[in-house]
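Read through the structure below, which is laid out as structure tokens, and then see the notes.
Chain A is the first sequence line, chain B the second, and so forth, proteins listed ahead of strands; every chain is numbered from 1.
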There are 2 protein chains.
Amino acid sequence: MAVTIRDVAKAAGVSTAAVSKVLHGRGDSVRVSDTRANQIREIAEQMHYRPNALARNLRTQRTHTVGLIFENFGSFAAGPLYYMHLLEGVGSVLFKNHYRLTILPELLHDDILGSLGDGQLEGVVWCKLTRDAETLQLIHDCPIPIVALNAPAPAEPTDAVFVACDNASGIRLAVEHLAKLGHRKIAFAHEVQELTSPDCLERRDAFQASAKELMGQEPNPADVLAWDWHLPEFADWWKSDPGYTAIICWSERTAGTLINRATEAGLKLPEDLSIVGFDSTAYCETTTPRLTSVSQPISEMARYATNTLLNLIQGKRPENFSLTFPCGLDVRDSTTRPSGPRNSE
Amino acid sequence: MAVTIRDVAKAAGVSTAAVSKVLHGRGDSVRVSDTRANQIREIAEQMHYRPNALARNLRTQRTHTVGLIFENFGSFAAGPLYYMHLLEGVGSVLFKNHYRLTILPELLHDDILGSLGDGQLEGVVWCKLTRDAETLQLIHDCPIPIVALNAPAPAEPTDAVFVACDNASGIRLAVEHLAKLGHRKIAFAHEVQELTSPDCLERRDAFQASAKELMGQEPNPADVLAWDWHLPEFADWWKSDPGYTAIICWSERTAGTLINRATEAGLKLPEDLSIVGFDSTAYCETTTPRLTSVSQPISEMARYATNTLLNLIQGKRPENFSLTFPCGLDVRDSTTRPSGPRNSE
DNA sequence: CAAGCCTGATAAATCCGTTAATCGGATTTG
DNA sequence: CAAATCCGATTAACGGATTTATCAGGCTTG
């Protein structure tokens, strides 16, 4: 049905080699005169010849396609803008380099190796938030170049490249910011179901360490709030007068929910309570008050990861097999100096 | 380097046909005894044989891959959660059916036909918001099955399927809701740069028609607010006492920005001003007050579109070549009866 | 003049599975 | 007993491009 290179060759009265050379070829073993070349181009155009990529892929063993694996595609849409920045970062670099992007579903581990080893993908960006031993093994066994986003490098080196952000430094910036504003007792908040996220745990630990170092706040289980964030829980907690003047949230979304609960409970923000989020996407501009947030350079990270992957595919050894991006802090309107007796001295 | 089917066949002392049949084949022209079959499976396993998908794709002329074209991938991350729901909807249906999803960049029109006609994609979901003649022509010429999301069907029928939501009915619901609450003068808001979006225009027109029909509000250019939404603009407008008690926004994002400007300008929401958004994603739960919003069943639309596409690929003729989904209205906390003299009679 | 080189072009191998056609021989059926 | 059937398996023809090896013929060059 479709026009093949043979059809074009026959119509032009030349060999398929000539057609191939004229339309795409780079080698110089096949030579075609300019006259013939133009004829061939014209005939191909007339016949609406579209080279069959499947044949070409097989022959050249290249597909110009890389895969992207999300850890939790199922709950993708419920997730924050974070994922969109990630996708945008990966995609834009690929497209600029004339690569295609294939989204892979979350697969059973057995299936993954089959999927990655079937020749259809030249490389893969694995956006992996959990870091169990099995996953590391899988990354190690991966038959194609792989870059792991948001996974810290394992102890033993592999051929995989690891790109992550420095959660601890980000949290430290937030604590520092609050300490400078005069806060002396701050809490860390996450929603109950986030306990399994290693990012959440890392940020929590960093919170405790930084709070101790920068404001002498001894670690105390009560400083870590893990609710499901319905209004009663918040109202009860606040009524118990726990004495906190600021809360650092593990994520943007948690911070957004907290803002709502606090507002509903009648607090005046940020005077009664300063709130800091984590991620700093466009969402932070839409809250009231606008959310001060630790910024993770996710788009940059995604771009770096993808560029590195393209280099790996071309056989270039990367300078670093592990890169950690520092976080920043975008100060907006949800943080201020604490009010009340504690500050009136 | 990689293990091929011939390597396995040689190691097992059988023909490649036997190996192929045992591992994947469905035809019954090739028959293999159970004993041999098990031997072959075992040897393939031992050798870590991974069938080369490129060869198989070429032979069978199938790839089990469909493409997804976004209109504006570049500004993707700046967009609303809408896109994530769309992606999630398309992806989940594909993955359930063991298809792969390839994201395509926005291409020049000339390149698109080449991309879609090279055999790598079995079908494509085109998420197209602009609807110029050239695009319709392109959809018409598309060499593979295509479903257009968010594009109304053209007058002359094509083989493409069109899926869209009924903007007009959604806006009508919003106006009706406000009218029932007692509002008598309402406005429509969009950000200046949205003028080019046909969705935005459709919603604006529907607003004017519904406002006239349901509350006798004659169309007036002043009812359509097109700002770039800095605080001064809003404050000035409000101070001029325009008399509006409610604003319907063309999108969720616009509504979110409006909430912030209004709050910053000292308005009490929703008492001073009722606000309605459009799309109703999880974002609406995060605003203060929580945003009443027209709901577009985007995930459902995406699923329907994708299922239809898979049917098209299998040669099944769809019942409808055009389907419009009705919108709903999710009433939350950003709308209430108007206060002030207008309601005190 | 023989040897070497350049131009323009082709034939054929190759990438790696899939599958229709075929085949020997044993068994069943009329 | 001849013919039909079935089992287990192989051979070889694809699919559609890329690319190496090769060739004919004309032109240089020592």
Side-chain angles (χ1 to χ4, degrees), chain A residues 1-41 43-44 47-65 114 117-122 143, chain B residues 1-41 43-44 47-64 114-115 117-122 143:
Chain A
M1 348 208 171
V3 181
T4 74
I5 199 173
R6 265 175 267 269
D7 299 329
V8 176
K10 201 170 293 171
V14 298
S15 69
T16 62
V19 178
S20 177
K21 174 65 205 289
V22 167
L23 298 182
H24 311 284
R26 273 171 308 282
D28 51 5
S29 169
V30 175
R31 320 190 61 108
V32 184
S33 66
D34 287 354
T35 333
R36 270 232 187 295
N38 286 329
Q39 281 172 15
I40 290 172
R41 263 187 283 267
I43 288 178
M47 300 177 76
H48 295 106
Y49 168 60
R50 305 268 170 223
N52 183 309
L54 304 181
R56 177 154 29 184
N57 288 349
L58 173 60
R59 182 63 242 249
T60 61
Q61 297 288 359
R62 300 212 54 180
T63 59
H64 290 275
T65 303
D118 69 2
Q120 286 192 93
L121 300 176
E122 296 191 9
Chain B
M1 349 207 167
V3 181
T4 73
I5 198 173
R6 267 174 259 269
D7 299 330
V8 176
K10 201 171 292 172
V14 298
S15 70
T16 63
V19 178
S20 177
K21 175 64 204 291
V22 167
L23 298 181
H24 311 284
R26 274 171 307 284
D28 50 5
S29 170
V30 174
R31 320 190 62 108
V32 185
S33 67
D34 286 354
T35 334
R36 270 233 188 295
N38 286 329
Q39 280 173 17
I40 290 173
R41 263 187 283 267
I43 288 177
M47 298 176 78
H48 294 105
Y49 169 61
R50 304 268 171 223
N52 183 309
L54 305 181
R56 175 153 31 185
N57 289 349
L58 173 61
R59 185 65 245 249
T60 60
Q61 295 289 0
R62 299 212 55 181
T63 60
H64 290 274
S115 255
D118 69 2
Q120 287 193 92
L121 301 176
E122 296 191 9

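- The phosphate of dA9(C) (OP1 or OP2) has a side-chain N or O of Ser33(A) nearer than 4.0 angstrom.
- Residue Arg59(B) places its side chain closer to dA13(D) than to any other of dT14(C), dA13(D), dT10(C).
- With the nearest nucleotide of DNA chain D identified for both Arg56(A) and Arg31(B), Arg31(B) has the one nearer the 5' end.
- Comparing atom distances between the Ser15(B) side chain and each of dT10(C), dT10(D), dT18(C) picks out dT10(D) as nearest.
- Of the two residues near DNA chain C, Ala55(B) and Ala18(B), the one whose nearest nucleotide lies more 5' is Ala55(B).
- Counting only heavy atoms from C-beta on, Thr16(B) has its side chain closest to dT18(C) among dT18(D), dC16(C), dT18(C).
- Here Tyr49(B) does not reach the OP1 or OP2 of dC16(C): none of its side-chain N or O atoms lies under 4.0 Å away.
- Not one side-chain nitrogen or oxygen of Arg6(A) sits closer than 4.0 Å to the OP1 or OP2 atom of dA17(D).
- More than 12 heavy-atom neighbours from other residues, nucleotides or ligands sit within 6.0 angstrom of NE2 on His24(B).
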Between the protein and nucleotides 21-24 of chain D, which nitrogen or oxygen pairs come in under 3.5 angstrom?
residue : atom : partner  : partner atom : Å
dA21(D) : N7   : Ser29(A) : OG           : 3.4
dA21(D) : N6   : Ser29(A) : OG           : 3.0

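- Between dT18(C) and Gln61(B), no contact under 4.0 Å exists linking OP1 or OP2 to a side-chain N or O.
- Put simply, Thr4(A) has no side-chain N or O that comes within less than 4.0 Å of OP1 or OP2 on dG16(D).
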